[in-house]
Structures are given as structure tokens and as C-alpha cells.
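Presented below is the structure to which this report refers.
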There are 2 protein chains.
Amino acid sequence: MGEACHHHHHDGPPTAADVERALGDADARLTAEGERMTAARLRVLELLLAAGEPVKAYDLIARFGTDGQPAKPPTVYRALEFLERKGLAHRIASISAYVACSSGTIDHSAAFLICDCCGATEEVAAPVAEGLDRAARAAGYAIVRTTVEAHGRCPACLAA
Amino acid sequence: MGEACHHHHHDGPPTAADVERALGDADARLTAEGERMTAARLRVLELLLAAGEPVKAYDLIARFGTDGQPAKPPTVYRALEFLERKGLAHRIASISAYVACSSGTIDHSAAFLICDCCGATEEVAAPVAEGLDRAARAAGYAIVRTTVEAHGRCPACLAA
DNA sequence: TCAGTGGTGTTATGAGATAACATCACATGC
DNA sequence: GCATGTGATGTTATCTCATAACACCACTGA
């Protein structure tokens, strides 16, 4: 993360109420779909939502226990895999971190704008698909999933 | 890599002559730029070129010595960092692998089509930048570098 | 010839992720 | 009720990926 400029307070984490609401929504939706929103999955999603920015898996592991006890790695990685599969979280490959999905739409190919200075990320709806789809068609590839991540500076860090 | 279909021979590696020529070109170009194309850097580039597809860092480490002796990790990671900085190689974050740059143009933002079946990759010139740039402008971000990787099936694996 | 810069060699360790296997919870059919 | 199958979890160990730190070397320019 920060290498050149100081850390700023960007968007910041959502309020506790926001987190609760999002958790409730997710729980209700997945339960309705016949999925099991277990304690571990809810806890990991809660941590991601509360952070409001990408979080490293081992940070989730460290923060997992409400009593300060860390989780075992597979506990968190399994929850992340589930959340990702269900579109509630995304892995950001270029920084090996995970973030709650901020888009309401299910089954989307997300793209991210990532500030290398303060760590803020913005999830933007696949405005990229067009160009990539065109290239894929030209090459004869059938795309299953995409990783689109742009690194740079957020408005706040640019202003600083 | 392969999970569903068998491994096919896709494009395959280039001929030894192709590799030699590309190595010579890279050497000449960087030397002209005042960079030092050292043995380790040339060797890693040679391995990447010869593979003709993404290679894991520890595979490069294992293949490094012509006598079968592996390299020490930093040797290869340093060479990769240099090659990437100079536009001769790319890291593919979604699979933690490295590939020789197949584009002639310097200083480009590459995008990749990656076959999850046979491992073939196609480097396509940033046809993606448009959409992403637009989104970044809208969000006020200044983009420095991008990671664009599409996973799916290549034509050969689709046909199989 | 001496300092500065950039590259290499080496050791060790940090960070990210998963394999394997035992156990548990829960829904469904009998 | 209770057997049975499926999916989730707990636990241990390990594997893969990547870099920190420090000593040494090669080249360049004052």
C-alpha cells in the first residue's frame, strides 16, 4: 500500500448500521436461495464489509475471533471461496486481497480502481467487457471470468 | 491449469531460432538504452521465450541452471522484476505466473486471454483501456498500470 | 584511488493458500 | 425413530509464492 504519499481517510468504512443491513440482506437472500449462511461466512463477510476496502486474508484470519482469537486459515479461505462464488466478495489478484462486493447486481464481472497510495478501491461495473469481449471473439476464446484491476491514485491522493 | 479437458498442443513453443533472435533483439535494444542485459536476465528471458506460455516462478528457478542446478529465488525474481520493468515480460496475477511479452510495442498495457484448460495464453493489445479509462476518469482516478486477464477456453479446447 | 551505483550470491524468513482427514450438522427417505 | 448422504467445519501439516537483509562484486566517474 502506501509508498509515496501519506495515508488519507478516504471513503472510510461504512457505519455499523450499514454493515448490519448488508449482512441481513445477504443472509436473507442466500437463505432464500437454499444456501447456508453459516457463522464463519457471516463473520468473514462482516469483516469485509466493516473494512470498506480490500483486506488481506491473514488480516481476516487475525480479526476473525470476536475475542481476539485468530481463525485457522482454511476457515477463512473456505468462507472467502463461498462468498466469491455467491458474488458477495471479490478477490483482487494484483494485491492478493479480498473485498466485499459493492455492487447490487448478482453475477457481474467486476473491475476495480485501486489507489496505491491510500488503499481505497472503487468497484466499477464491467465497462471493460466490450473491448475484452471483442478481442476474445477475434481470438476465438470463450471467456468464463475476468480479472480487471487498474492501479493508480484516487482523487483524494491526487489532490494531496 | 487443466481441470476438465486434456492437454492439447496449442501454439507450442517457438523454435530455437526464434528464441535466439528474440533474445538478440532484446539484448541489443536494452544495451543500446544503457541497460545491462546480464546473464541471469538473459537466461530468464530465454526460459520464458522458450516456454511460449506462462511459467511459474519456481519452475523458472528449477530450470535456471543449464546443468540442472536450480537458481536461488531472488536471482529469478530480480530478473523478472527487471524484465517486467522493461516491458519484456509480464506477470499474470490471476495465476501467479510470468510470460514473455509477445508484443513488439514498448510501454503497453497488456491484456491476456488465458485458457484454463491447456494453459495457452494470448496477449492482446489493450483494447480494454478505453472502457477502463472512461470509468477511471469518471471516478477521478489516475491510472498507472492495469491488470487485465480473461480466463476461459481457447479455440482448440473449445473444439475438443 | 576512492566513492557511488547497480547487480549478484546467500541465508533466512515472511506471506499466501491448500491438501488431507476426521468430525459434525442437517435434510431426506425409509 | 433412525439410517444415510451431502455439505460444512475443525485441525494438522505442508506447499507455493515472494522478499528482507547483508555481504560482495563490477563498473563508472570525480
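Each chain gets a letter, A, B and so on, in the order the sequences are listed, and its residues count up from 1. Side chains are part of it too, since the values below use all heavy atoms of this structure and drop only hydrogens, waters and symmetry mates.
Comparing B:I95 and B:R36, the nucleotide of DNA chain D nearest to each residue sits closer to the 5' end for B:I95. Positionally, the nearest nucleotide of DNA chain C for B:R85 lies more toward the 5' end than for the other of B:R85 and A:A97.
The residue B:R78 sits close to a base: some heavy atom pair falls under 4.0 Å.
Nucleotide C:dG7 holds its C1' atom 14 Å from the CG atom of B:L42, rounded to whole Å. In this structure, B:L83 places its CG atom 12 Å from P of C:dG7, rounding to the nearest Å. Here D:dT16 presents its C1' atom at 11 Å from OH of A:Y77, a figure rounded to the nearest Å. Distance CZ (A:R91) to P (D:dC17): 12 Å, rounded to an integer number of Å. Here D:dG7 presents its C1' atom at 16 Å from CE of A:M37, a figure rounded to the nearest Å. Atoms CG (A:L30) and P (D:dG7) sit 16 Å apart, rounded to a whole Å. Rounded to whole Å, the distance from CD on A:E35 to P on D:dT6 is 16 Å.
The side chain of A:K56 contributes an N or O atom lying less than 4.0 Å from OP1 or OP2 of C:dG16. Note on A:T38: a side-chain N or O is less than 4.0 Å away from OP1 or OP2 of D:dT9. Within the structure, a side-chain polar atom (N or O) of A:Y98 is placed less than 4.0 Å from OP1 or OP2 of C:dA17.
When the side chain to side chain donor-acceptor pair (under 3.5 Å) test is applied to A:T75, no partner is found at least two apart in sequence or on another chain.
Within the 4.5 Å cutoff, side-chain heavy atoms of A:R41 are placed close to those of A:R36. The closest side-chain heavy-atom distance from B:T147 to B:E149 is below 4.5 Å. When side chains are defined from C-beta on, B:S94 counts as touching B:I114, because their heavy atoms get closer than 4.5 Å.
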- B:E35 and B:K86: CA distance, side-chain angles, deciding distance, salt bridge (Lys or Arg N to Asp or Glu O under 4.0 Å) verdict: CA-CA 9 Å; B:E35 296 291 343; B:K86 291 300 163 185; 2.9 Å; yes

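The pair B:R85-B:E81 does not meet the salt-bridge criterion, since no charged nitrogen lies less than 4.0 angstrom from a carboxylate oxygen.
Contacts with DNA chain D (heavy atom under 4.0 Å) in residues 57-76 of chain A: A:K72, A:P74, A:T75, listed by number.
In terms of hydrophobic clustering, with Ile, Leu, Val, Met, Phe, Trp and Tyr side chains grouped at heavy-atom distances under 4.5 Å, A:V99 and A:L23 are assigned to different clusters.
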